[in-house]
Peer 1: 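Please read through the structure below; I'll follow up with questions.
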Amino acid sequence: MKKYILGLFAVAVVSSCVSQQERAMKSADKNFILKAANDNFTKKKWKNALALYDRLTNLVAGTDDFPNVGFNTAYANYYDKSYKLAGHQFKNFAVNFPKDPRAEEAAYMSALCYYEGSMDYNLDQSTTETAINELQDFLTNYPNSERSKNISQLIDELSYKLEFKAYENARQYFKMGEYKAANVALENVLEDFPSTKLRPKIYDFIMKSRYELAVKSVYELKDERIESALSYTRMVEKELPNTEYSKTATDLRGKLEKEKENFVVVKKQTEARIAALTIRQKKEAEKLAEKNKTEQQIKDQISNEKKAMQIQRDSAALQTPPPAATFKIQR
């Protein structure tokens, strides 16, 4: 019996709540709707509160309730994880009610909403960039605020996300064996984020990229790339002494020195083959030139003989008298 009574009581409470929400949604009474909306807000029923606050927007316009409705609406959206919308609403509140005691809080919450709306590093980071700008604006506008104490930490966190995305994108080139592109992309990360915490890892992958480029290089660029890779290993040892990266640098430099020695031998052999080939080509060219010269001499001789014979024929024709005149008998 006791359980039955408690069950009826629970049903009655639920029915009452649902009834109040339904009546508020249908009502034109501003005060009743506002009370129901605020009750839902207090009970953390964000969607119900938002539905009613949405109805109140026009009803409270120009009244003292208007700022409260806007402020609570922004918070309800924030708690409902609609961060982009909440950030926009908080920002509007701070701009439209600059003298309201809650203006600073609204500005802070606006920046915080953009921070919460920042996507994972592997997704589009336009929201992260916006969040950084909003947080920096808060620092500029409220430099002495108690709320500013953790802003720099939030900005660092978001900046690291941008750095890590750029680093991961560059590292993908290395994974795909595109070592030249990896080297360029990783150096761009260092240029774009000079104070990045990822510098040791970036150094490591640039060093490995240059090593792979040197080892797998075409003949014409091998010397240059070996020297570039060796130089980078020395820089890493200097910048990151007594680390796993300096150990890797030492190991790679040893391999590069051997590669350099082997290439010196290959280079000498190649230069010797090129020199021998050049001599052979020169001799063949000389033979060909001599052959062409002989053939031309023969052609010239034949041409000269033909010209001499023609001259003789022309001379004989001039010395031969014309034939005697022929007389015709008249009939």
Side-chain angles (χ1 to χ4, degrees), residues 34-54 56-57 60-167 189 192-199:
L34 183 58
K35 182 180 181 306
N38 289 338
D39 286 346
N40 283 324
F41 186 86
T42 302
K43 295 173 182 177
K44 300 182 181 181
K45 296 181 179 180
W46 311 122
K47 293 190 184 300
N48 286 347
L50 286 167
L52 295 176
Y53 284 137
D54 186 56
L56 283 165
T57 303
V60 300
T63 70
D64 293 339
D65 292 319
F66 185 69
N68 295 330
V69 169
F71 195 73
N72 284 1
T73 299
Y75 259 115
N77 275 310
Y78 172 77
Y79 290 127
D80 199 41
K81 297 185 179 180
S82 297
Y83 298 120
K84 187 175 182 180
L85 179 57
H88 179 70
Q89 291 169 338
F90 276 123
K91 191 169 187 177
N92 282 344
F93 185 93
V95 171
N96 293 328
F97 306 103
K99 295 183 180 180
D100 191 291
R102 297 167 293 184
E104 180 187 316
E105 181 182 354
Y108 173 78
M109 287 304 300
S110 174
L112 190 62
C113 283
Y114 286 107
Y115 164 81
E116 294 288 356
S118 173
M119 309 291 280
D120 290 340
Y121 82 89
N122 56 334
L123 301 175
D124 177 58
Q125 290 302 298
S126 57
T127 54
T128 302
E129 293 170 354
T130 301
I132 291 173
N133 292 334
E134 292 294 328
L135 290 165
Q136 287 175 334
D137 284 346
F138 183 82
L139 279 177
T140 301
N141 296 328
Y142 302 96
N144 300 319
S145 172
E146 285 294 317
R147 296 183 175 90
S148 296
K149 291 181 178 179
N150 72 326
I151 293 291
S152 296
Q153 181 181 345
L154 298 181
I155 291 174
D156 288 343
E157 182 182 331
L158 293 174
S159 297
Y160 180 77
K161 191 183 293 187
L162 295 179
E163 295 170 16
F164 193 75
K165 181 179 178 66
Y167 163 73
V189 177
D192 294 338
F193 306 98
S195 59
T196 178
K197 298 175 183 177
L198 295 167
R199 183 174 292 273

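Note that the structure is a prediction, hence the values are computed from the model and not measured. Only heavy atoms go into these numbers, but all of them, side chains included; no hydrogens, no water, no symmetry mates.
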Peer 1: Going by salt bridge (Lys or Arg N to Asp or Glu O under 4.0 Å), name the pairs with one or both residues in residues 73-88, residues two or more places apart or in two chains.
Peer 2: Lys47-Asp80
Peer 1: How close do Phe90 and Ala106 get, heavy atom to heavy atom, and via which atoms?
Peer 2: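 Looks like CB-O, 3.3 Å.
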Peer 1: About how many Å separate CD of Gln89 and CG of Asn96, when rounded to the nearest 0.5 Å?
Peer 2: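 Rounded to the nearest 0.5 Å, the CG-CD separation comes out at 12.0 Å.
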Peer 1: With sequence neighbours left out, write down each residue that passes ring-ring contact (aromatic ring centres under 6.0 Å, His included) with Tyr78, or none if nothing qualifies.
Peer 2: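 Testing Tyr78 for ring-ring contact (aromatic ring centres under 6.0 Å, His included), a comparison that skips the adjacent residues, returns Tyr83.
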Peer 1: Nearest 0.5 Å, what's the CG-CG distance between Asp39 and Asn48?
Peer 2: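 The CG atom of Asp39 sits 11.5 Å away from the CG atom of Asn48.
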Peer 1: Could you pull out all residues at least two apart from Gln136 that satisfy side-chain hydrogen bond (donor to acceptor under 3.5 Å, both in side chains)?
Peer 2: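 Checked Gln136 against side-chain hydrogen bond (donor to acceptor under 3.5 Å, both in side chains); zero matches.
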Peer 1: Sequence neighbours excluded, which residues qualify as side-chain hydrogen bond (donor to acceptor under 3.5 Å, both in side chains) partners of Asn92?
Peer 2: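 With sequence neighbours excluded, Asn92 shows a side-chain hydrogen bond (donor to acceptor under 3.5 Å, both in side chains) to His88, given in chain and number order.
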Peer 1: Measure across Ala103 and Pro98 and return the closest heavy-atom pair with its distance rounded to 0.1 Å.
Peer 2: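 Closest approach of Ala103 to Pro98, heavy atoms only: CB-O, 3.6 Å.
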Peer 1: Compare every heavy atom of Ala37 with every heavy atom of Ala49, then report the nearest pair and how far apart it is.
Peer 2: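 Minimum heavy-atom separation between Ala49 and Ala37: CB-O, 3.8 Å.
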Peer 1: From Leu50 CG over to Ser82 OG, what is the distance, rounded to the nearest 0.5 angstrom?
Peer 2: 7.5 Å
Peer 1: Look up atom CH2 in Trp46 and atom OH in Tyr75, then write down how far apart they are to the nearest 0.5 Å.
Peer 2: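 The CH2 atom of Trp46 sits 10.0 Å away from the OH atom of Tyr75.
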Peer 1: Quick check for you: to the nearest 0.5 Å, what is the distance between Leu52 atom CG and Thr73 atom OG1?
Peer 2: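 It comes to 10.0 Å.
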Peer 1: In sequence, state the C-alpha distance, the side-chain angles, and the governing distance for Ile132 and Leu162, and then conclude on side chain to side chain contact (heavy atoms under 4.5 Å, CB included).
Peer 2: CA-CA 10 Å; Ile132 291 173; Leu162 295 179; 3.7 Å; yes
Peer 1: Looking only at side chains, do Glu163 and Thr196 share a donor and an acceptor under 3.5 Å apart?
Peer 2: yes
Peer 1: Going by the rule side-chain contact (heavy atoms from CB on, under 4.5 Å), which residues pair with Ser145 if we only count those two or more places apart in sequence or in a different chain?
Peer 2: Glu104, Phe138, Tyr142, Arg147, Ser148
Peer 1: Tyr53: which residues meet the side-chain hydrogen bond (donor to acceptor under 3.5 Å, both in side chains) condition with it, sequence neighbours left out?
Peer 2: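 Once residues adjacent in sequence are excluded, the partners of Tyr53 under the side-chain hydrogen bond (donor to acceptor under 3.5 Å, both in side chains) criterion are Asn38, Asn72.
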Peer 1: Is any side-chain heavy atom of Tyr114 less than 4.5 Å from a side-chain heavy atom of Leu135?
Peer 2: no
Peer 1: Applying side-chain contact (heavy atoms from CB on, under 4.5 Å), can you list everything that pairs with Ser118, at least two apart in sequence or on another chain?
Peer 2: Gln125, Thr128, Leu158, Lys161
Peer 1: Give every residue pair that meets the salt bridge (Lys or Arg N to Asp or Glu O under 4.0 Å) criterion with at least one member in residues 128-144, sequence neighbours excluded.
Peer 2: Lys91-Glu134
Peer 1: Applying salt bridge (Lys or Arg N to Asp or Glu O under 4.0 Å), can you list everything that pairs with Lys149, at least two apart in sequence or on another chain?
Peer 2: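 If we apply the salt bridge (Lys or Arg N to Asp or Glu O under 4.0 Å) test to Lys149, skipping adjacent residues, the hits are Glu146.
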Peer 1: Please list, chain by chain and in numerical order, all residues satisfying side-chain contact (heavy atoms from CB on, under 4.5 Å) with Phe97, sequence neighbours excluded.
Peer 2: Phe66, Pro67, Phe93, Asp100
Peer 1: Could you list all the salt bridge (Lys or Arg N to Asp or Glu O under 4.0 Å) pairs where at least one residue sits in residues 68-79, not counting sequence neighbours?
Peer 2: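 Sorted pair list comes back empty.
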Peer 1: Would you give the length of the straight line joining atom CG of Leu139 to atom OH of Tyr108, rounded to the nearest 0.5 angstrom?
Peer 2: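 Here the rounded value is 10.5 Å.
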Peer 1: Any side chain to side chain donor-acceptor pair (under 3.5 Å) pairs touching residues 61-70, not counting sequence neighbours?
Peer 2: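 Pairs touching residues 61-70 that pass the test: Asn68-Arg102.
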